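Please read the structure below before turning to the comments.
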Amino acid sequence: RAEYNILVLELPPFSPPFIVSNAYRVLPDMALLKDRHLQFDAQFYTYLERKLELLHMQPYGGWRSSKNETALEQALWQVLEKLALEWPEFVQINAEGVTHQLLGLRLSRAGKLERTDSSALSKRILERLESGNPLERVGDFLGLSVQEDLVLMHGDKSEWLHVLFPSSWKPQEKIGRSFAEIHRPVVHSKKLVKAAPNVVKAMLERGPFERFVWLLSVGNDLSQHPDLKKLDLENLISQTHLRFERQTTLAFPTLERALFTIRVTLQPLTDLKIDLEKRQKLARVLRSMDSAALEYRGYTHYRDAWLEWLE
């Protein structure tokens, strides 16, 4: 489309590693981050358009529990500063405000919005952002600025979430909860929950860190929110996707906060048709999952059909 920035459309695709192991595990495994926290690629506008669609289904994008809105707003602006540092060709920031070339908008520190182009897209985004209060405005601006979902932790509790692409969980139910409380419902998460104090301490004081997780999802929607209508499938295999999540952390020690990012990438399962090794690895993981894990992940009714195709 003519209103899209040609430079971002020429970026290479973000390709996460195939991190499927030989058995199902839930572990607090994190490695030091050696790349950008926030990744742009040629699919930027696909993610943006889906985020805009999803935002129309709810009052605003960011759920928050903060009683100190000043500190929360400072943290949001620090994330925008990080984005401008990582992608100066698309995002510029100074003492007055931030300009995002891909959105066609400028946001002042005082909360004033201005269009920097005449595209229909920037008009739609402007109308969306102006519907919120000043704090919601900077939060939604940040959430639409990136392809990732975003979570801010204050201490060990989730203070703000701009999560539009969840994997079968409801973001509004996680706000204000501790890291341990958020992950306790995950089947076989005892090691992760036990490690919660150390994980949170590392997020707040050290890093930055990166980890990758994977899931299988039915349908090609980036959002797997449980309230969204599921597809009436005729062909399970063609509708199944590998869902990879790249998760990163970024500490803001002076604010006692940390950013947690989730970048979702989908790959059709049928891409593995010519890769026997990857199919066998995925089959071994599915066979290693007990009934509780299969039920929690929503795989119970699909497992046998998946295994038949993989093997």
Side-chain angles (χ1 to χ4, degrees), residues 1-14 36-64 72-150 160-165 220-223 228 259 261-266:
R1 290 168 55 171
E3 60 187 336
Y4 291 169
N5 186 301
I6 188 69
L7 295 178
V8 76
L9 296 178
E10 294 175 346
L11 289 176
F14 173 66
R36 293 180 173 106
H37 284 85
L38 303 161
Q39 294 282 352
F40 287 165
D41 70 5
Q43 294 298 311
F44 175 85
Y45 289 108
T46 300
Y47 284 66
L48 174 60
E49 294 282 5
R50 186 57 179 142
K51 284 190 176 188
L52 285 169
E53 290 173 354
L54 292 166
L55 282 174
H56 285 297
M57 302 179 188
Q58 58 194 49
Y60 59 94
W63 289 276
R64 67 185 189 278
L72 173 57
E73 187 170 0
Q74 287 178 342
L76 296 177
W77 276 100
Q78 285 200 22
V79 179
L80 284 168
E81 289 168 4
K82 181 66 174 178
L83 176 62
L85 183 65
E86 292 187 339
W87 292 98
E89 61 268 51
F90 299 126
V91 184
Q92 298 83 41
I93 198 166
N94 56 31
E96 283 72 46
V98 58
T99 300
H100 199 305
Q101 306 291 346
L102 305 183
L103 303 184
L105 290 177
R106 177 171 175 78
L107 175 67
S108 75
R109 301 270 181 172
K112 181 181 178 182
L113 285 160
E114 296 178 76
R115 293 169 69 193
T116 59
D117 65 35
S118 58
S119 69
L121 178 62
S122 66
K123 182 181 179 182
R124 283 195 290 135
I125 300 172
L126 179 70
E127 291 172 350
R128 166 67 209 184
L129 296 178
E130 285 187 330
S131 67
N133 65 41
L135 183 58
E136 293 168 359
R137 193 171 298 164
V138 66
D140 273 349
F141 185 96
L142 172 58
L144 293 174
S145 291
V146 298
Q147 291 173 245
E148 287 80 5
D149 279 336
L150 306 172
W160 175 84
L161 292 88
H162 203 284
V163 176
L164 295 171
F165 304 146
N220 62 355
D221 195 343
L222 289 163
S223 176
L228 292 179
L259 175 70
T261 76
I262 309 166
R263 171 63 184 276
V264 175
T265 307
L266 297 178

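Source: prediction; values computed, not measured.
The distance from atom NZ of Lys112 to atom CZ of Arg137, rounded to the nearest 0.5 Å, is 11.5 Å. Atoms CG and NZ, on Leu142 and Lys82 in that order, are 14.0 Å from each other to the nearest 0.5 Å. The structure places CG of Leu266 at 11.0 Å from OG1 of Thr46, a figure rounded to the nearest 0.5 Å.
Proximity of a side-chain donor or acceptor of Tyr45 to a complementary backbone N or O of Leu9 within less than 3.5 Å is not detected. In this structure a side-chain-to-backbone donor-acceptor pair under 3.5 Å is present from Trp87 to Leu38. Listed for the Arg263 side chain is no donor-acceptor partner under 3.5 Å among the backbone atoms of Glu148. At distances below 3.5 Å, at least one donor-acceptor pair connects side-chain atoms of Asp41 with backbone N or O atoms of Phe14. Of the possible donor and acceptor atoms, none in the side chain of Lys51 sits under 3.5 Å from a partner among the backbone N and O of Leu164.
Heavy atoms only, all atoms of each residue included: Trp160 and Leu150 are closest at CZ3-CB, 3.8 Å. The minimum heavy-atom distance linking Phe40 with Phe90 is given by the pair CD1-CD1, 3.6 Å. Of all heavy-atom pairs spanning Ser223 and Leu228, the tightest one is OG-CD1, 3.3 Å. The heavy-atom pair separating Ser145 from Leu83 by the smallest distance is CB-CD2, 3.8 Å. Closest approach of Leu121 to Leu48, counting heavy atoms only: CD2-CD2, 4.0 Å. In terms of heavy-atom proximity, Asp149 sits nearest to Phe165 at OD2-N, 2.8 Å.
Partner of Leu105 under the side-chain contact (heavy atoms from CB on, under 4.5 Å) criterion, out of Thr116, Thr99, Leu126: Leu126 alone.
Using a 4.5 Å heavy-atom cutoff, the side chains of Gln147 and Gln39 are not in contact. Between Ile125 and Leu113 the shortest side-chain heavy-atom distance does not fall below 4.5 Å. Side-chain contact between Leu55 and Leu144 is present, with heavy atoms from C-beta onward closer than 4.5 Å. Inter-residue side-chain proximity for Arg50 and Asp221 is flagged as met; some heavy-atom pair is nearer than 4.5 Å. Counting only heavy atoms from C-beta outward, the side chains of Thr261 and Val146 never approach each other to under 4.5 Å. Looking at heavy atoms from C-beta onward, Val91 lies out of side-chain contact with Leu80 at the 4.5 angstrom threshold. Considering only heavy atoms from C-beta on, Arg106 comes within 4.5 Å of Glu96 through its side chain.
Aromatic ring pairs are classed by plane angle as parallel below 30°, tilted from 30° to 60° and perpendicular above 60°; the pair His100 and Phe141 is perpendicular.
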One pair to check against side chain to side chain contact (heavy atoms under 4.5 Å, CB included): Val8 and Glu89. What are the steps and the verdict?
CA-CA 10 Å; Val8 76; Glu89 61 268 51; over 6 Å; no
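Side-chain atoms of Arg115 and Ser122 include a donor-acceptor pair closer than 3.5 Å. Using modelled atom types and a 3.5 Å distance limit, the side chains of Gln92 and Gln101 yield a donor-acceptor pair.
Partners of Arg124 by salt bridge (Lys or Arg N to Asp or Glu O under 4.0 Å), not counting sequence neighbours, listed by chain and number: Glu49. Under the rule for a salt bridge (Lys or Arg N to Asp or Glu O under 4.0 Å), Arg36 has no partner lying at least two apart in sequence or in another chain.
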